[in-house]
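Presented below is the structure to which this report refers.
Throughout, a chain's letter reflects where its sequence line sits, starting with A, and its residues are numbered from 1.
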Amino acid sequence: MDWIQLAIEAGFGLAFIIVVMSMAGLTVVAERKFCGFIQGRLGPNRTTIPILGSIPFFGRLITRMGLFQLVADGSKFLFKEEIVPGHVNKFYYNLAPIVALIPPLVPLVVLPFGQMTLADGTIRQLIIANVDIGMLVILAFSSLGVYGTVLAGWAANSKYPFMGGIRASAQMISYELTMGLSILPVFLWANVPGSTEGLSIANIVVFQQTHWFVYLQPLTALLFLVALFAETNRAPFDMAESETDLVGGFHTEYGAFKFGIFFVSEYAHVIVGSGLFVLLFLGGSNFLPMLPNPWPVGIPGAILSTLWFIAKTSALVFFFIWIRWTLPRFRYDQVMNLGWKMLLPVAIANLVFVMVLLATITPVAAQ
Amino acid sequence: MPESREISIGDVESQAATLQSEKMTLNVGPSHPTTHGVLRLLVELEGDIMTKVTPVIGYLHRGDEKIAENMTYNQFVPYTDRLDYLGPLANNVAYAIAVEKLAGIEVPARCQAIRVICTELARISSHLLGLGVFGMDTGAWTPFMYCFTEREKLMDLFEELTGARFTNSYTRIGGVTRDIPEGWTGRVIEALNSMQRTLKEVDTLLTRNRIFYDRCVGVGIIAKEDAISYGLTGPNLRGSGIPLDLRKDKPYSGYENYDFDVPVGKTGDCYDRFLVRMEEVHQSIRIVMQAIEKLPDGPWYAEDAKKIFAPPKDKVLTSMEELIQNFMIVTQGPQIPAGEVYFEAENPKGALGFYVVSRGGGVPYRLKIRAPSFCNLSILPKILPGLMLTDVTTVLGSLDFVMGECDR
């Protein structure tokens, strides 16, 4: 029995990785396409595969949507020559992409991606491992994420990647504090005194069935979002790559599939980060605030709620793309100032405020 | 057991002299996304702060000035395209006026007006790129694409007028290659109107953007005295608060007939230079609108300069005298009397000067080009030290230089 359970969980895990990786690929295409729309261009619309592309309606549609671009980009990374510059430290140079890819994927196991209403009316959160330290797992692994970047910058043994690596490490460590402090108020609010749920994310989702945290605690949500942008190294916080002054930043010396892995890991990071924001502040797989969940009993409900969760996550990924193509980039010292002098004090004040609030009045939704 | 000693900040400071630290030398360019061409900077870094910057130029040197001595005056026009290749028409006009001054001929009013329209459109096209690239250097890609879309419309207009989109070679000594095509002015007005809408959008995306503002304000400040002593010209000089504009101060090609303002900055930082360029686009649009409105009729080349401007083709094919005239100009070049002249025009990048020495005949004896980008770049070692490495992109973007002109 245990073995079957394990096999099911492993299968789910694999499915999750496949879904997130293909979503990462799709996000790349979406980024190019939306960037094109934002800039008044068409974006990728010509790449095609000989036979598939000539299917009467769908072939043309998919070509125009640029979906074949995904295949083209991926196979380009695969078939390019793997050049390892002579001056790199080979072991760490090869290790860095692996270290970069794993941290965004591991937290998937503690993300509740859907919910299933059983026949007797009880609701079960769909999650691979419902551990009571769920949030800690995520924080721990997202802290590891910086190692991939720093290792890449350091192992390349070259000046531009080195500076990218240094900037990335300083930035990610700084914003980790804000991130941690902006998560705490949520858990404080959701866990009534004496609760044993701890840092389980599933608990937060259950809590948000009627009210979402995004309007219960807007400031917390904003702080978390900003920290998320910085953690995922996305514009306007993309200090680590900053292509106008550091050329490519930490991955300047990488080519072919190793670069592809960095590329995918960045987008996987964005997707997991968006998923986390949806779970913590936008109700996870719950339908809409102040409305009962319409999910039917059994498997169809589970699928519908999962799709709803993915839809919310995609909307947030679109937000990431939108921001990137709208705003200029910060300067490195401005990022540091913002993190330490603005966000951190505000996050602490916010935490204290929520604590005092919770101690004096009963929160709206804490029944 | 060794005694553990706690090191306080003060201790570290007292040891700072003995602590090991070294500066890093970073080679930026000649092939680097921020250098807009082939500028190379040798940067000495202490952490992320630059302590010394040495520009290394000459990667695009083609010897234009020497080349000029081996060809007739008109044959050199395509080479002027390749000086500031973001606004070639302005270079053409500046060169033509310089040689015409030497020859002592005056082009008719219509030709002057056409040249003013061309120069101002070139200025708009160059500034659009400058603004867009400046945005891109700070990380905002979208305004760049908006500017480029507008620039594309100007390119189409240039193609219609001159036959070439990029290297126009429109002027000849004593005139231009052809008259304005039918309906062209209307299309120019149309393009400029749509451009004003786009500029408003760029304005909202960049000018009032907090990140952009923080990146630019107080960065790369050029003091008034420095701007003068380093020989800065154009928007970079005006950004420092000096209202020098050759179109106002030494009007040429009939600029005195148009009503326009010269925008100046206050502090001379990158933001001021950005604003000055933004406003200059609006002023250029004003000038073009006025020039189109009162575009005079009449000849579009100097008809009386028989030995300088080739006659129209239909006359060449029917009249003996014109045939000989055409033959002489094509084989010998326009006959310019002996003498020397220096003429500076207000180009998009600054004052572009031509010093022409003639010993008579159709070939210049010596031609010297005063390139604004060359002088503007000379201030880099002065303003960059003390800034962070990321500011290189901001400052270079705000100086808006072209290496084709700097290295020539």
Side-chain angles (χ1 to χ4, degrees), chain A residues 31-43 153 157-171 226 229-230 233-249 252 321-338 341-342, chain B residues 24-29 31-36 41 43 45 47-50 132-150 152 194 198 201 204-207 209-219 270 274 387-397:
Chain A
E31 168 123 48
R32 295 181 62 175
K33 202 74 186 166
F34 289 132
C35 145
F37 289 154
I38 288 171
Q39 298 179 345
R41 303 184 281 119
L42 282 177
N157 196 13
S158 160
K159 286 169 185 171
Y160 286 107
F162 170 71
M163 300 202 64
I166 298 234
R167 288 182 186 184
S169 55
Q171 174 192 334
V226 174
F229 269 94
N233 256 328
R234 286 284 296 190
F237 294 97
D238 52 349
M239 288 304 107
E241 21 191 315
S242 180
E243 77 275 342
T244 43
D245 58 324
L246 293 186
V247 192
T252 307
I321 295 172
W322 189 12
I323 290 288
R324 170 162 178 193
W325 298 107
T326 308
L327 293 182
R329 183 183 297 115
F330 282 109
R331 201 171 58 209
Y332 171 53
D333 61 328
Q334 292 168 345
V335 170
M336 288 292 135
N337 281 344
L338 184 72
K341 292 186 183 163
M342 288 269 300
Chain B
M24 183 165 89
T25 308
L26 190 68
N27 186 32
V28 182
S31 169
H32 185 278
T34 186
T35 55
H36 306 296
L41 294 174
V43 181
L45 284 170
D48 220 318
I49 310 282
M50 292 178 284
V133 167
F134 189 19
M136 193 176 75
D137 281 340
T138 58
W141 277 79
T142 305
F144 168 72
M145 294 308 291
Y146 289 171
C147 289
F148 233 72
T149 313
E150 288 307 317
E152 181 65 26
S194 92
T198 309
E201 238 172 295
T204 44
L205 275 170
L206 285 180
T207 314
N209 186 311
R210 183 73 213 188
I211 302 177
F212 183 77
Y213 185 83
D214 283 349
R215 281 290 301 272
C216 299
V217 171
V219 171
C270 293
F274 172 81
L387 298 177
M388 301 190 79
L389 179 64
T390 316
D391 290 328
V392 170
T393 58
T394 321
V395 171
L396 288 186

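Using a 4.5 Å cut-off between heavy atoms, Val219(B) contacts chain A through its side chain alone, with no backbone atom that close. If you measure heavy-atom distances from Leu45(B) to chain A, the contacts under 4.5 Å come from the side chain alone.
A distance of 8.5 Å separates OG1 of Thr149(B) from CD of Gln39(A), quoted to the nearest 0.5 Å. Summarising the geometry, atom CG belonging to Leu338(A) is positioned 9.0 Å from atom CD1 belonging to Ile211(B); distances are rounded to the nearest 0.5 Å. For the atom pair NZ of Lys159(A) and CE of Met24(B), the computed distance is 6.0 Å after rounding to the nearest 0.5 Å.
Between Arg331(A) and the choices Thr390(B), Asp391(B), Thr138(B), the side chain to side chain donor-acceptor pair (under 3.5 Å) rule is met once, by Asp391(B).
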- Query: Given the rule in the side-chain contact (heavy atoms from CB on, under 4.5 Å) test, do Asp214(B) and Phe330(A) qualify, once you have shown the distances and angles that lead to the verdict?
  - Reply: CA-CA 8 Å; Asp214(B) 283 349; Phe330(A) 282 109; 5.6 Å; no
- Run the numbers on Thr142(B) and Thr326(A) for side-chain contact (heavy atoms from CB on, under 4.5 Å), then give the verdict. CA-CA 6 Å; Thr142(B) 305; Thr326(A) 308; 5.8 Å; no
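When all heavy atoms of Tyr160(A) and Leu26(B) are compared, the pair lying nearest together is CE2-CD2, 3.9 Å. Between Ile38(A) and Tyr146(B), the closest heavy-atom pair is O-OH, 2.7 Å.
Contact tally against chain A (heavy-atom pairs below 4.5 Å) for Leu206(B), Leu396(B), Val392(B), Leu389(B): the top residue is Leu389(B).
Side-chain atoms of Thr393(B) and Arg329(A) include no donor-acceptor pair closer than 3.5 Å.
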